[in-house]
Amino acid sequence: MAISYGAALFESEVTTKTTAHTLGAAVKAGALICIAITGKRSGTNLNVSSISDTKGNTWDWKIFQSQYRAACVAWTRTNTAMSTSDSITVSFNGTPTYAWKSAHSFEGADGTPISEATGSGSSSTASVALTVSGSDWLSFSVVMLPDATSGSLTPLNSGTSRDDNGHSGTTPWAECFSRNGTSGTSYTAGATLPSSQQWACCGVTFPYLAMPSSPARSGFGMVGI
């Protein structure tokens, strides 16, 4: 058995403080939903204040925040199946000047992370070092650049690009990646950039856990902020 990709659930560039996002695909009970969240806020740091959904799942997240760039991964393991009539609501601590969200589902992954990490810098590689374990694991990560890049990002270590905001000019660039691995004790998530520039990155890894034959209950986890 292995962790598998489920579906893209939504993509959004709505710059409101609180937004409900309707799912674009159904999600099975016991699936893992991951959301890449990036943005910035004029004059102060942008932070995620709450995440909820219409099925009452418990959400956790890890975030790097600054005035110029925020990079966040949020996740939950679903209690029950979700349909395209369900939605996920993300709230920020203030109104962002820019925000991008991209949600994806995975099957066969536990909802309790192995590792969580954030990082930032100015270089041609945006990355975070993560711990992995077991015969099957999943990494989900997001990279944000304050300004769009003149070329494409190249995923590190066999990562797969799941979505990007596709901008140019002075609008921020955001892109999320996943990787399903089967060995090792460490994994570096992120991407090589076309040139040296400011970046922020957030990544989380999850172990394998078989999909349930009946609805699963999400485990409690401390919110990573």
Side-chain angles (χ1 to χ4, degrees), residues 1-10 21 23-37 48 50-63 72-84 86-88 90 101-118 128-142 155-163 176-190 201-225:
M1 301 296 293
I3 298 171
S4 60
Y5 181 70
L9 302 180
F10 64 78
H21 306 279
L23 302 188
V27 180
K28 295 179 180 178
L32 178 73
I33 299 176
C34 293
I35 311 176
I37 303 172
V48 173
S50 68
I51 303 176
S52 62
D53 62 62
T54 47
K55 283 294 192 287
N57 293 299
T58 299
W59 286 85
D60 297 288
W61 59 88
K62 181 73 173 180
I63 186 170
C72 174
V73 172
W75 65 91
T76 192
R77 193 165 191 257
T78 57
N79 291 315
T80 60
M82 301 180 73
S83 71
T84 52
D86 286 306
S87 63
I88 298 170
V90 179
K101 312 180 197 81
S102 181
H104 302 264
S105 65
F106 299 87
E107 297 174 10
D110 197 337
T112 301
I114 304 169
S115 179
E116 310 166 30
T118 63
V128 289
L130 297 161
T131 300
V132 296
S133 62
S135 58
D136 204 61
W137 47 265
L138 170 72
S139 168
F140 188 82
S141 59
V142 61
L156 295 174
N157 300 315
S158 302
T160 297
S161 176
R162 290 299 174 191
D163 198 9
C176 61
F177 310 90
S178 72
R179 170 76 162 94
N180 181 202
T182 57
S183 62
T185 58
S186 62
Y187 178 72
T188 300
C201 184
C202 180
V204 184
T205 55
F206 303 89
Y208 170 77
L209 183 65
M211 291 287 288
S213 56
S214 58
R217 295 185 61 84
S218 295
F220 175 80
M222 295 298 293
V223 173
I225 297 178

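Please read all numbers here as calculations on a predicted model, not as lab measurements. Computed over heavy atoms, backbone and side chain alike; hydrogens, waters and symmetry mates excluded.
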Does [X] use its side chain to pair, donor to acceptor, with the backbone of [Y] at less than 3.5 Å?
X	Y	value
T76	I33	no
S139	R179	no
D136	N180	no
S105	A7	yes
T78	G30	yes
T205	T131	yes

Of the non-hydrogen atoms in [X] and [Y], which two are nearest, and what is the gap between them?
X	Y	answer
G190	C201	CA-SG, 4.4 Å
A189	L130	CB-CD1, 3.9 Å
V204	P113	CG1-CB, 3.6 Å
V27	L23	CG2-CD1, 4.2 Å
L9	A25	CD2-O, 3.8 Å
G111	L32	CA-CD1, 4.0 Å

Straight-line distance of [X] [atom1] to [Y] [atom2], nearest 0.5 Å:
X	Y	atom1	atom2	value
I37	K101	CD1	NZ	7.0 Å
Y208	S133	OH	OG	14.5 Å
L138	L209	CG	CG	12.5 Å
I51	T58	CD1	OG1	12.0 Å

Problem - Audit row: E116, V73, side-chain contact (heavy atoms from CB on, under 4.5 Å) steps and yes/no - result: CA-CA 9 Å; E116 310 166 30; V73 172; over 6 Å; no
Practice task
Please work out which of the three classes, parallel, tilted or perpendicular, describes the rings of F140 and H104, given edges at 30° and 60°.
Solution key: tilted
Practice task
Anything under 30° is parallel, anything over 60° is perpendicular, the rest tilted; go ahead and classify W75 against F206.
Solution key: perpendicular
Practice task
Please examine the side chains of I3 and E107, heavy atoms only from C-beta on, and report whether any two atoms are closer than 4.5 Å.
Solution key: no
Practice task
Check the pair W59 / I88 against side-chain contact (heavy atoms from CB on, under 4.5 Å), numbers first and verdict last.
Solution key: CA-CA 10 Å; W59 286 85; I88 298 170; 3.7 Å; yes
Handout entry: Short side-chain donor-acceptor distance under 3.5 Å, T54 and D86
Key = yes
Handout entry: Distance-only side-chain donor-acceptor flag, S102 / D163, under 3.5 Å
Key = yes
Problem - Worked verdict on H21 versus S87 for side-chain contact (heavy atoms from CB on, under 4.5 Å) - result: CA-CA 5 Å; H21 306 279; S87 63; 5.8 Å; no
Practice task
State whether the number of non-hydrogen atoms from other residues, nucleotides or ligands found under 6.0 Å of K28 atom NZ is greater than 12.
Solution key: no
Practice task
Could you give me the CA-CA distance, side-chain angles and deciding distance for T160 and F177, then say whether side-chain contact (heavy atoms from CB on, under 4.5 Å) is met?
Solution key: CA-CA 5 Å; T160 297; F177 310 90; over 6 Å; no
Practice task
Please confirm whether R162 makes a cation-pi placement over Y5, using NZ or CZ under 6.0 Å from the six-membered ring centre and within 45° of the ring normal.
Solution key: yes
